[in-house]
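Here's the structure, in structure tokens; my notes come after.
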Amino acid sequence: MKKRFLLAPGPTPVPENVLLSMAQPMIHHRTPQFSAIFAEAKEDLKYIFQTKQDVLILAASGTGAMEGSITNLFSPGDEVLVVNGGKFGERWGKISEAYGLKAHWLNVEWGKAVHPSEVKKALDANPKIKGVLMQASETSTTVAHPVKEIAAFTKNRQDCLLIVDGITSVGVFPTPMDEWGIDVLVSGSQKAFMLPPGLAFAALSDKAWKFMETAKCQRFYFDFKKERKNLKDNTTAYTPAASLVIGLRDALKMLKEEGLENVFARHNRLARATRAAVKAMGLKLLAPDSPSDATTGAYVPEGVDGGKFVKYLRDDMGITMAGGQDHLKGKIIRIAHLGYVDTFDIIVAISSIEMALRKFGHKVEFGKGVAAAQEILMEGYK
Ligand SMILES: Cc1ncc(COP(=O)(O)O)c(C=O)c1O
């Protein structure tokens, strides 16, 4: 027997009560019964997104909301600035180009955050840029980008939108959409929402809704105007992922009960504990200067094959974490701490890494990483 733990940056573990609520017999989605559930979820989503705006609920993975943000707001030939500091930044650029937009790529070294002045420089040099596309949390490099500082440049430009992929920031650390002036914030169910994959969310500012009036990109399924109209009637344009919406209602209740400030504080505590443990184990952090509280990236020691290391943790120890992508493949491990995750998930993660390091011939003193994490995790207890 092997007890399994899911500590990857998505999908994340799903709480037992949410699993049970999604296992109820199927109900029809065009019924007052379903609409009542949808209405609750719709309201509570605003709380988590820190916005007064509607939050659209789409049957898609997070990329669906990213694609919809491009197709609903721009026209072929429009120019956008892509903050490309990892796999998901790159995705913004690829989607934009797929729909005929002209992408200006602002390349950022993996593991580093974009400097706000670089964004300002690009916007000043190219007044035709109609959108800045970025991640709040670039999961592939475990970096948090400075959204607030960049919003300060874009919010007063009526002809330029700030479009933020909050797929691993919403419900993890603050990205207060209305307060900062983010124009589009998207997320996905399989992250801090503690649900299986299958729902994508998108919230738009008034400025963004105005852009939609003139946007000419081809679109059909992800038609935000149509979805907003249906949302008002507590339904969706097409068949919703009904079981996931039921789970969403319950997961949001849990987050609301904990309180958003406490949710952020928990993620921050777990992240700090993980970073301290990584350093105590003698490993190097991937993003020491601007780390995301969603996931911690660490280089595996010289001579250790990171791919084999992650596979060993998963197949022999039962602990699923993530490795690296592209040029970081085989070089790093990513320990996720978002969603339905608490103190003892971190203990499991760190102690399993210590044991696996020993197996891979790396000199490690058992308990050093765990002790460093415990010092910080104690903050969570009176
Ligand atoms: C920051 C970020 N953006 C986009 C995505 C893509 O989301 P999905 O795989 O749900 O389409 C992910 C998924 O890991 C992500 O972490």
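Just so you know, ligand 1 is whichever comes first in the structure, and atom 1 is the first atom listed for that ligand.
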message = Just checking K148: does its NZ atom have more than 12 heavy atoms from other residues, nucleotides or ligands closer to it than 6.0 angstrom?
response = no
inquiry  = Under a 4.0 angstrom heavy-atom cut-off, which atoms of ligand 1 come close to T63?
reply    = 6 (C), 7 (O), 8 (P), 11 (O)
query = Which atoms of ligand 1 are found less than 4.0 Å from any heavy atom of S137?
reply =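 Once the distances to S137 are compared, the set is 1 (C).
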Protein contact of [atom] - nearest heavy atom, named by residue and atom, plus distance:
| atom | value |
| --- | --- |
| atom 6 (C) of ligand 1 | R91 NH1, 3.4 Å |
| atom 9 (O) of ligand 1 | Q190 NE2, 4.0 Å |
| atom 14 (O) of ligand 1 | K191 NZ, 2.6 Å |

inquiry  = As an exercise, state the distance from OG1 of T175 to CZ of F49, rounded to the nearest 0.5 Å.
reply    = 8.0 Å
CD-SG distance between E79 and C160, expressed to the nearest 0.5 angstrom = 11.0 Å
task = Answer with side chain, backbone, both or neither: which part of A200 has a heavy atom less than 4.0 angstrom from an atom of ligand 1?
result =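 Neither; nothing of A200 gets under 4.0 Å from ligand 1.
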inquiry  = Applying a heavy-atom cut-off of 4.0 Å, say which part of I167 lies close to ligand 1: side chain, backbone, both or neither.
reply    =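 The side chain, only.
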ask   = What heavy-atom pair brings N84 and G89 nearest, and what distance separates the two atoms?
value =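 Smallest heavy-atom distance, with atoms named: OD1-C, 3.9 Å.
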task = Looking only at non-hydrogen atoms, find the nearest pair between V82 and A103 and report the distance.
result = CG2-CB, 3.9 Å
Polar contact flag for [X] and ligand 1 (N/O pairs, less than 3.5 Å):
| X | result |
| --- | --- |
| T168 | no |
| G62 | yes |
| E138 | no |
| T139 | yes |
| D165 | yes |

task = Using atom types as modelled and distance alone, determine if a side-chain donor or acceptor of T320 lies under 3.5 Å from a backbone N or O of R314.
result =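 Checking the backbone N and O of R314 against the side chain of T320, no donor-acceptor pair under 3.5 Å is found.
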ask   = Do side-chain atoms of E227 reach the backbone of A237 as a donor and acceptor pair under 3.5 angstrom?
value = yes
message = Tell me the nearest of G10, S61, P9 to atom 8 (P) of ligand 1, using heavy-atom distances.
response = S61
Positive for salt bridge (charged side-chain N to carboxylate O under 4.0 Å, His left out) with D78, one of K130, K128, K102 = K130
inquiry  = Looking at ligand 1, would G188 count as a contact under a 4.0 Å heavy-atom criterion?
reply    =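 Heavy atoms of G188 never come under 4.0 Å of ligand 1.
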query = Does K87 have a heavy atom less than 4.0 Å from any atom of ligand 1?
reply =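 Judged by the 4.0 Å heavy-atom criterion, K87 does not count as contacting ligand 1.
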Among T63, L133, L101, the one residue meeting side chain to side chain contact (heavy atoms under 4.5 Å, CB included) with I95 =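 When T63, L133, L101 are each tested with I95, the side chain to side chain contact (heavy atoms under 4.5 Å, CB included) holds only for T63.
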inquiry  = Just checking Y99 against F74, ring centres under 6.0 Å apart?
reply    =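 No, ring centres 6.0 Å or more apart.
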